[in-house]
Amino acid sequence: MVEDNYLEQIEEVKYLAQENTPRYRLIMKFLFSKYEEAEYWLYKEEIYDEVKKTITEYTEEECDRDLEFLLSNGSLTKLQDTQNINTINDFKFHNFRYQMTDKAVIIERMTIELEEIEVKVASLEPRLFGRINDSIKRLTNIYNLDENQIYDLWIDINNDFKSLNEHYQDFLKKFHEAKTEELLQSEAFLEFKSSVINYITEFINSYIKNSTEIKNHLIEIDENKTKYLMNSLISHQKKAPKISPEFDYEKLRRVNVGKWQSLKKWFVSSTTQTEGERLLEATQNVIQKIYKYANSLMELHGNMINRKEEYKHICHLFDNLESVEEANKLSSAVFGIITTNHYKMSSLVNTDSLINSYDVPSLEIPINTTFKEYKIKSQNSQIIDKSMEKERILEEIRQKEKIRKSKISNLIKSGKIVLENEIHLDEIERRYVLDLIEKATKTTNKESEFGYPYYITNQTTEKCKIVSEDGIFELTGRTIIIEVGETDE
């Protein structure tokens, strides 16, 4: 249901759309400036002198009529000064002082904000997320706070949340205006592209850093705590003196509940996208737009470079050459090779490390022709006996395997391998231990070297360092029990 007072005219704004509005606004601006200086009551003479500085033809009769109009529509109130009356004429002609009403003060603030809206600087405040997070974190212990503390936290949260919404919406709205689109497409934008991106990135990082904590704190404030919060706010308001005895506390409760639900929807949502996630998506789109325009500008700027002097220099180089062979070499360096062949093959560099291409030694790779007309003559080769070489290689493999098994046997001789604190293992022992740990996660419980059953126990959260010649390996502490001598039949 719409309340009746919502449908009534607001008389106090009439002075903004009248024939004499310029005069009314001069009066109200002067009164408002004095109001901000804590000078609330002004005489008619002071008002008249101020308006006459702008409107030289302004008369006292016009001033009287203007003040009466502003009094009639509720913008001003007046009070007769009975203390500074020196003559009968002072009392007869009503030595009044004038003051703005509360509604007029709010309206005048609104007009100033409307006047400054074009020069208002849209900004993002990353600190607001941190302040909101701190305030809501304190609110989770609501049962240990008194009403004044709860009210102060509520005011801080709502002020910061309001500023956050206004600032980010104004900022994003600027990027969809025609003026901003024009600026993004100008070369002047390239000078401050990086600073804008860093500015937005800082805001995004602050949201990512604090949003999860804010969400968890809001979830922690359950229905009971929320009800306690609303009751505390109403109780605090009831303790404050009210001029109007018919103050609607239920309406205040509905407003507070709505503000709280809006805050939760901003950070917490189980089904739909939260407003914070929409903000993150919108800011990322802005960054993509900036990169898009910047790349286009840089490409356009590169294409518009005048290369006339470069061409002249190349012509002089060709003119100074003594032979066609040298000209052909220079032509290949400047314009590229006329006929090119592309070869593809696997890399012969046996490493995964990132190395400088200049550090890779050059290779000579013989290329066989693909033309059928040219055939490479096959050469007869003798069959060489390599049995001795094969036997030598096999013997080396047997020796290495013998050494490996010997080291593993010594390692498992005690029936257990304790991994705690810092232990020293060589590469063979370390590989064996890590292989046992990996296989323990599978269905089998037998190690592959000797067929001994084993299991892992005493796992702890303490870190164990395996120190080897090729580095240090860290893992959580544990003990590997090997049932030496008990093999499967």
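Residue numbers run from 1 in the order of the sequence given. Quick caveat, the model's predicted, so the values are computed rather than measured. All heavy atoms count here, side chains included; hydrogens, waters and symmetry mates do not.
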*Does the side chain of R253 reach to within under 4.5 Å of the side chain of N231, using non-hydrogen atoms?*
yes
_Can you list everything that forms a side-chain hydrogen bond (donor to acceptor under 3.5 Å, both in side chains) with D160? Sequence neighbours excluded, please._
R131
*Should E223 and K227 count as an ion pair when the cut-off is N to O under 4.0 Å?*
no
*Tell me, please, which residues at least two apart from F30 pass ring-ring contact (aromatic ring centres under 6.0 Å, His included).*
none
*For the residue pair L31 and Y98, what are the closest heavy atoms and their distance?*
CD2-O, 4.2 Å
*Just wondering, more than 12 heavy atoms not from K137 lying within 6.0 Å of its NZ?*
no
*Tell me, do L229 and I221 make a side-chain contact under 4.5 Å, heavy atoms counted?*
no
_Contacts of type side-chain hydrogen bond (donor to acceptor under 3.5 Å, both in side chains), residue N73, not counting sequence neighbours_ = S75
*side-chain contact (heavy atoms from CB on, under 4.5 Å), paired with L263, selected from I136, I214, V268*: I136
_Classify the ring geometry of F267 against F161: parallel below 30°, tilted from 30° to 60°, perpendicular beyond 60°._
tilted
*Could you tell me which residues satisfy side-chain hydrogen bond (donor to acceptor under 3.5 Å, both in side chains) with N148, sequence neighbours excluded, listed by chain and number?*
H236
*So, do F32 and M100 sit near enough that their side-chain heavy atoms are less than 4.5 Å apart?*
yes
*Do L67 and C63 come within less than 4.5 Å of each other through their side chains, counting heavy atoms only?*
yes
*asked:* Quick check for you: to the nearest 0.5 Å, what is the distance between I150 atom CD1 and R138 atom CZ?
replied: 11.0 Å
Would you give me the side-chain donor-acceptor pairs under 3.5 Å for residues 13-20, sequence neighbours excluded?
| from | atom 1 | to | atom 2 | distance (Å) |
| --- | --- | --- | --- | --- |
| K14 | NZ | E11 | OE1 | 2.7 |
| Y15 | OH | E108 | OE1 | 2.8 |
| Q18 | NE2 | K14 | O | 3.2 |

*In terms of heavy-atom contacts, does NZ of K416 have more than 12 from other residues, nucleotides or ligands at under 6.0 Å?*
no
*Can you see which heavy atom on I437 is nearest to which on R478, and at what distance?*
CG2-NH1, 3.5 Å
*Listed by chain and number, what are the side-chain hydrogen bond (donor to acceptor under 3.5 Å, both in side chains) partners of N210, not counting sequence neighbours?*
N133
*Answer yes or no: is there an ion pair linking K34 with E46, defined by an N-O contact shorter than 4.0 Å?*
no
